[in-house]
Peer 1: 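One structure follows; several queries about it will come next.
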Amino acid sequence: MLRMSNLLLRTLRDDPADAEVASHKLLVRAGFVRRIAAGIYSWLPLGYITYRNIENIVREEMDAAGFQEVHFPALLPKEPYEKTNRWNEYGPDLFRLKDRKENDFLLGPTHEEMFTLMIKGEFSSYKDLPISIYQIQTKYRDEPRPRSGIIRGREFVMKDSYSFDIDDAGLEESYQKHRASYIKTFDRLGLKYNIVSAMSGAMGGSKSEEFLAPCETGEDTYVLCNSCGFAANVEAMKTRIENKNIVVENFPSMEIFDSPNTPTIDSLVDLLNNKFGGNHQASDTLKNVLLVADGKPISVLVPGDREVDLKRLQANLSGIQDIRLFEDADFAKNPGLVKGYVGPQDAKKFGLTLYADPRVSVGTSWITGANQKDKHVRNVVHGRDFEVTEFVEAAEVKAGDLCPNCASPVIIDRAIEIGHIFQLGRKYAKALDLTVLDRDGKSQVVTMGSYGIGVSRAVAAIAEQTHDELGLCWPREVAPADIHLVATGKDSEIFSLAEKFAKELESLGWRVLFDDRADASPGVKFKDAELIGIPYILVVGKGVSEGKVEFRIRKSGEKKDLQITEAISEINTILNS
RNA sequence: CGGGGCGUAGCGUAGUGGCUAGCGCGCCUGCUUUGGGAGCAGGAGACCGGGAGUUCGAAUCUCCCCGCCCCGACCA
């Protein structure tokens, strides 16, 4: 039983000045956490109980799925991370330190290397596979900008697991097992979430999904279709296009025209409408975004009303490591390209590789730059006047774009990423030479899956999704107690009755937070109870003289009087239901 | 790393060159009070982020450093 009279807890009346988001403000105000440095927090008793409840749910579901828990050090030597080149690749986000002998160490940002080496050290046969192992561990990342309190810290707790399989079919099965286990876990945590297809990007994997907990203060944006439930990371959104069968030869031929002083798409559209009449729009023009991809000039074609989303482009451009926008020096090296007047029709001549957003489909006709200063050209037809090397999802995604599944307009929603599962493949196994012998005695590189849950982040995500204007409002399983018993008044009869209730509830197996403070006023106790957010509140106070106590539901605000004689059994029934 | 803002007691804050740095919450003592963050009285608690400088005099002005928050870049 937790007694408020001696609990290490001081609730705050005012929001802390450095907090912006609700979870941060409330977790500090309710005495769950305290900031130690930017992105680094201590957990106080109520916070730590809540955190551990979450950790235990995660652990129980992992164990239930048959995964085995291990534990690595947080402090690690450099060598394994050098083999996978992450000592360099991770850059300044890696916390690095030296021991007294000047050897390099790091604080683990993630543990792929260690998991891989653990399996390599113990197992060497296909008969040992499949296996999934996990740990719940403090991770360190020297984020450029920690923010939003507990949501993005430099020290945080993550459950990470890895599956090891001999082949792709096995990996798929392990992946699905994790997926199912995550669904159970997040359901128990009382989180609302969407499973969103994601790009596995440069990690070299194939399939990847994120578990996103929608909330306004989330820092991830994703695409959601309210009609069919389709959800995707912006990078993984697929453009839906009408499949027109257009005969390109039927278009009028290209026509160059003067277009001075049209540095922007808007000014070009104005000129078009003045010159040619009609109702020209930004979407009739073709934007040629010049980039340098692995040292070579490329052009990405998008409709004039869209920006290129570089992250999306990079995620979808296969086989390209590094990408950056054209700079003045690049224009100098490519004299044919006139800044502001680039068009795709001369790309071959310029040695420019063309990529196009799917909207720039074959058979579409565009107004674009004429590759001459102050001149544009119209009736530039894809398939007649230019060809592209590859279509690539490059344009920014907007609310109202059509769902690739059901063609309804999608919305752009915000969320906190609480879990991520993906098929890593053989990248780490190859780098660290994790092989097993197969049935034929041949050496095979193991294929891996990687699965994460932000455990400490989940505390904040739940707070974000469940709080109200009065305070925190924990789902039953994660709450620091089942019932918050408040004794008000100074009558010793009331306190001894409350004491008796507290003991009875505890002996029935319920976790009780007992506000037995003798000096706090009823108002203070009620406010604290609402701020702390335990799901049920039992008030033993002025009603006692009439033989009653008051039972409250934190979330709904519902109150009802119970007869003292029946209170415990009624509450027991409610808590059991 | 670019832009903006902040740093005064445990928390929230006032104080733009002049007396002993003020207030609210919280804390301690006493009395009163006990169903919505009680009242009165007394009290403890601050190297005003650090350093250097300007000045008769610096929380206040100048420079450097450190820390923190927000937007962006970046990122699981």
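This structure is a prediction, so every number in the text was calculated from the model and none was measured. Hydrogens, waters and symmetry mates play no part in the numbers below; they use all other heavy atoms, side chains included. Protein chains get the first letters and strands the later ones, always in sequence-line order, with residue 1 at the start of each.
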Peer 1: Donor-acceptor pairs are to be reported for all side-chain atoms of residues 533-551 of chain A against protein atoms at under 3.5 Å, with residues two or more places apart or in another chain.
Peer 2:
| unit_1 | atom_1 | unit_2 | atom_2 | d |
| --- | --- | --- | --- | --- |
| A:S545 | OG | A:K542 | O | 3.1 |
| A:E550 | OE2 | A:R552 | NE | 2.5 |
| A:E550 | OE2 | A:R552 | NH2 | 2.9 |

Peer 1: Rounded to the nearest Å, what distance is computed from the CG atom of residue A:D14 to the P atom of nucleotide B:G24?
Peer 2: 13 Å
Peer 1: Under 4.5 Å between any side-chain heavy atoms of A:E112 and A:R86, yes or no?
Peer 2: yes
Peer 1: Rounding to an integer number of angstrom, what distance separates B:A46 and B:A9 when you compare their P atoms?
Peer 2: 10 Å
Peer 1: Which one of A:N316, A:V308, A:I298 satisfies the side-chain contact (heavy atoms from CB on, under 4.5 Å) criterion with A:Y355?
Peer 2: A:I298
Peer 1: Any donor-acceptor pair under 3.5 Å linking the side chain of A:R312 with the backbone of A:V234?
Peer 2: yes
Peer 1: Please test A:I462 against A:L191 for side chain to side chain contact (heavy atoms under 4.5 Å, CB included), starting from the C-alpha separation and ending with a verdict.
Peer 2: CA-CA 6 Å; A:I462 294 166; A:L191 278 163; 3.6 Å; yes
Peer 1: Which nucleotide, B:G36, B:G35, B:C68, lies nearest any side-chain atom of A:E530?
Peer 2: B:G36
Peer 1: Can you establish whether the number of heavy atoms outside A:K398 located under 6.0 Å from its atom NZ is more than 12?
Peer 2: yes
Peer 1: Are side-chain N/O atoms of A:Y140 and A:E155 paired as donor and acceptor at under 3.5 Å?
Peer 2: yes
Peer 1: Nearest whole Å is fine: how far is B:C70 P from A:R152 CZ?
Peer 2: 12 Å
Peer 1: Reading 5' to 3' and counting Watson-Crick or G-U wobble pairs with both distances under 3.5 Å, write the dot-bracket notation for RNA chain B, | for bases paired outside the strand.
Peer 2: ((((((((.[[[[.)..(...]]]].((((((.....)))))).....[[[[[..)....]]]]])))))))....
Peer 1: For B:U55 and B:C65, measure between their P atoms and round to the nearest Å.
Peer 2: 23 Å
Peer 1: Just the rounded figure in Å: distance from C1' of B:G7 to CZ of A:R35.
Peer 2: 11 Å
Peer 1: Send over the distance from A:K490 NZ to B:A38 C1', rounded to a whole Å.
Peer 2: 13 Å
Peer 1: I'd like the C1' distance from B:U33 over to B:A44, given in whole Å.
Peer 2: 24 Å
Peer 1: It should be established whether A:R147 places a side-chain nitrogen or oxygen under 4.0 Å from OP1 or OP2 of nucleotide B:C70.
Peer 2: no
Peer 1: Hey, does the side chain of A:S521 come within less than 4.0 Å of B:A38's phosphate (OP1/OP2), counting only N and O?
Peer 2: yes
Peer 1: Using the P atom as the reference point in each nucleotide, state the distance between B:C68 and B:C63 in Å, no decimals.
Peer 2: 23 Å
Peer 1: What integer distance in Å separates A:D528:CG from B:A38:C1'?
Peer 2: 15 Å
Peer 1: If you measure from the C1' atom in B:A14 to the same atom in B:C56, how many Å do you get, rounded?
Peer 2: 28 Å
Peer 1: If I pick the C1' atom on B:A38 and the same atom on B:C25, what distance separates them, to the nearest angstrom?
Peer 2: 14 Å
Peer 1: Counting only distance, no hydrogens or angles, is the base of B:G36 paired donor-acceptor with the side chain of A:R552 under 3.5 Å?
Peer 2: yes
Peer 1: Tell me whether the side-chain N/O atoms of A:R145 come closer than 4.0 Å to OP1 or OP2 in B:C70.
Peer 2: yes
Peer 1: Pick the closest RNA chain B nucleotide for A:P146 and for A:P16 by heavy atoms, then say which residue is nearer the 5' end.
Peer 2: A:P16
Peer 1: Using a 4.0 Å heavy-atom cut-off, does A:T11 contact any base of the nucleic acid, only the sugar-phosphate backbone, or nothing at all?
Peer 2: base
Peer 1: Quickly work out the A:I494 CD1 to B:U33 P distance and round it to whole Å.
Peer 2: 15 Å
Peer 1: Under 4.0 Å between any heavy atoms, over every strand shown, what does A:D220 touch: base, sugar-phosphate, or nothing? Just pick one.
Peer 2: base
Peer 1: Contact class for A:S148 (heavy atom, under 4.0 Å): base, sugar-phosphate, or nothing?
Peer 2: sugar-phosphate
Peer 1: When you measure from the side chain of A:K527, which nucleotide among B:A73, B:G36, B:C11 comes out closest?
Peer 2: B:G36
Peer 1: Look at all strands and tell whether A:V28 reaches a base, only sugar-phosphate, or nothing, counting heavy atoms closer than 4.0 Å.
Peer 2: nothing
Peer 1: Classify A:R34 by what it touches in the nucleic acid, base, sugar-phosphate, or nothing, heavy-atom distance under 4.0 Å.
Peer 2: nothing
Peer 1: Can a salt bridge be assigned to the pair A:D93 and A:R141 using a cut-off of 4.0 Å between side-chain N and carboxylate O?
Peer 2: no
Peer 1: Whole angstrom is fine here: how far is it from NE2 in A:H24 over to P in B:G12?
Peer 2: 11 Å
Peer 1: How many whole angstroms separate atom CD of A:E20 from atom P of B:C69?
Peer 2: 11 Å
Peer 1: With sugar-phosphate meaning primed atoms plus P, OP1 and OP2, does A:G452 contact a base, only sugar-phosphate, or nothing at under 4.0 Å between heavy atoms?
Peer 2: nothing
Peer 1: Ion pair present between A:K207 and A:E172, side-chain N to carboxylate O less than 4.0 angstrom?
Peer 2: yes
Peer 1: What integer number of Å spans the C1' atoms of B:C31 and B:G35?
Peer 2: 23 Å
Peer 1: Considering only atom P, compute the distance from B:C1 to B:U13 and round it to an integer number of Å.
Peer 2: 28 Å
Peer 1: Which comes earlier along RNA chain B counting from the 5' end, the contact point of A:D15 or that of A:P522, where each point is its nearest nucleotide?
Peer 2: A:D15
